[in-house]
Number of protein chains: 2
Amino acid sequence: MKVADAEGVDALTMRRIAEMLGFTTMSLYRHVPGKSELLDLMVDAAWGETEHTPKGPWRDGLEFFARQMWAMYRAHPWMLQLTTSRRMPGPQAMTRLDAAFAVVSELGLAPEEIVAVVTAVSHFVDGVGRTMADRVKAERETGVSDEEWWSTTDSLWEHFTPDRLPMMTHIWNTGGFERPLDEFEFGLARVLDGLVAFVEAEERPAVRRSTCL
Amino acid sequence: MKVADAEGVDALTMRRIAEMLGFTTMSLYRHVPGKSELLDLMVDAAWGETEHTPKGPWRDGLEFFARQMWAMYRAHPWMLQLTTSRRMPGPQAMTRLDAAFAVVSELGLAPEEIVAVVTAVSHFVDGVGRTMADRVKAERETGVSDEEWWSTTDSLWEHFTPDRLPMMTHIWNTGGFERPLDEFEFGLARVLDGLVAFVEAEERPAVRRSTCL
DNA sequence: TAGTGCCGTGTACAACGTACACCTGGTGTA
DNA sequence: TACACCAGGTGTACGTTGTACACGGCACTA
């Protein structure tokens, strides 16, 4: 995890891990069936580092849960480039999920609704996390972050801006991209507002059941 | 893209592409600098397949935008396992984004707010898409989907359910996992509700500017 | 004392992206 | 007509990856 945090998950090879531990590469396979299982363990270990969501007002609890996830993703961006090869969350992630369920359990929601509420929050955090992780990776790989990047952007800009992207040019010219709102803060507040509206509605809107897959 | 859709992005090797086109592997490098640029092109081509977001009531427009993204991700789940090596969206994605900006542009929002609103929706769709993509990948790789999977799940369940996961067991026992709500439909409605609340508020809540990175 | 696992080692292989040197046929210019 | 040029296709080769497989030593038990 130390390597993945610092140099990205691509730098995390079995040989590298072994070298760092002072053993040979193949010795690792005495303790772990393969690399993907090892990555699964890393992911669950990261979940284990987060704090347990406390009981309390449900909106605060959900917000806490989201912020913990966000902190986790910021500390370990590699989590978002991994496909969770197993289909179920690991035990640590399960524990955290359970606590999040508990927070919304006193609202009299149907069980599917409890799941849906927590899932909606997770999906949002996953989404922000992903673009954050991509940004981190791109910065590490290309080295430079601002000086070179924005200059090339400028030239690109002139290339296809004219009238094919009217709104973008307008936003660009009025500085909307220069001082953006915090994507996580803004989105989280909206998602939670939307959930409040759902929970407080006298008759809750029906939602389609999941089609298979 | 045909290969990636059907067999996953891991099956998409340069040799495979060349073979499919009837040329040798290295001939591809006459047309594309490297694989990652080719993947960038694929991603942007997928954006090009979606329909242009029409003008109209802003909530409908945003919903349309989200549904188009969702359809795109369902058709091309591999898009979500790729790290967009370049930092800017391609021209097709740009065009779609521009149309989405246009939809919310008549609300008198500040430019940063326009960006934030569209970004929030995208992040949510990204998040749902990601877990969907993982599920698709897992099903392809492990072959079986239900019969074997749920049986192993059952045994796992007995293992650590007792009292460490009270809410999960409760939800499990009351069938909350068996007939889940559609994650996309549910979440999208909440996110849009939250955005409506934001837009209609007399004084819009301040949001922290993005801290760098 | 012989047997039985656990744990670490070393070599080897297939698959990947791609660098590099080479060939080849069509086109533009003298 | 001659010739240079070069976009586009070919073939071989290299380094890196995950990991299969055969092997060696150690501790412990019957």
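Nothing here was measured: the structure is a model prediction, and the numbers come from that model. Reminder, nothing fancy here: chain letters follow the sequence lines and each chain counts from 1.
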Length of the [atom1]-[atom2] vector between [X] and [N], whole Å:
{"X": "B:Glu37", "N": "C:dT18", "atom1": "CD", "atom2": "C1'", "answer": "12 Å"}
{"X": "B:His31", "N": "C:dG17", "atom1": "NE2", "atom2": "P", "answer": "17 Å"}
{"X": "B:Leu28", "N": "C:dG17", "atom1": "CG", "atom2": "C1'", "answer": "11 Å"}
{"X": "A:Lys35", "N": "C:dA15", "atom1": "NZ", "atom2": "P", "answer": "19 Å"}
{"X": "A:Phe23", "N": "C:dG10", "atom1": "CZ", "atom2": "C1'", "answer": "16 Å"}

Would you grab the first and last nucleotide of DNA chain D (5' to 3') that comes under 4.0 Å of any non-hydrogen atom in chain A?
-> D:dT17 to D:dC23
With heavy-atom distances below 4.5 Å as the criterion, would you say the side chains of [X] and [Y] are in contact?
{"X": "A:Val191", "Y": "A:Leu195", "answer": "yes"}
{"X": "B:Arg67", "Y": "B:Glu185", "answer": "yes"}
{"X": "A:Leu107", "Y": "A:Glu113", "answer": "no"}

Using atom types as modelled and distance alone, determine if a side-chain donor or acceptor of B:Arg209 lies under 3.5 Å from a backbone N or O of A:Arg179.
-> yes
Does B:Arg96 reach the main-chain N or O of B:Thr50 with its side chain, forming a donor-acceptor pair under 3.5 Å?
-> yes
Crowded around A:Glu178 CD? As in, over 12 foreign heavy atoms under 6.0 Å?
-> no
Detail all sub-3.5 Å separations between protein N/O atoms and N/O atoms belonging to nucleotides 19-28 of chain C.
none

Residues A:His76 and A:Glu49: side-chain donor-acceptor under 3.5 angstrom = yes
Take A:Arg130 and A:Asp134 through the test salt bridge (charged side-chain N to carboxylate O under 4.0 Å, His left out) and record every step on the way to the result.
-> CA-CA 6 Å; A:Arg130 221 193 109 78; A:Asp134 283 1; 3.7 Å; yes
On DNA chain D, more 5' by nearest nucleotide between A:Asp10 and B:Arg15 is B:Arg15
Think A:Ser27 has a side-chain N or O under 4.0 angstrom from the OP1 or OP2 of C:dG8?
-> no
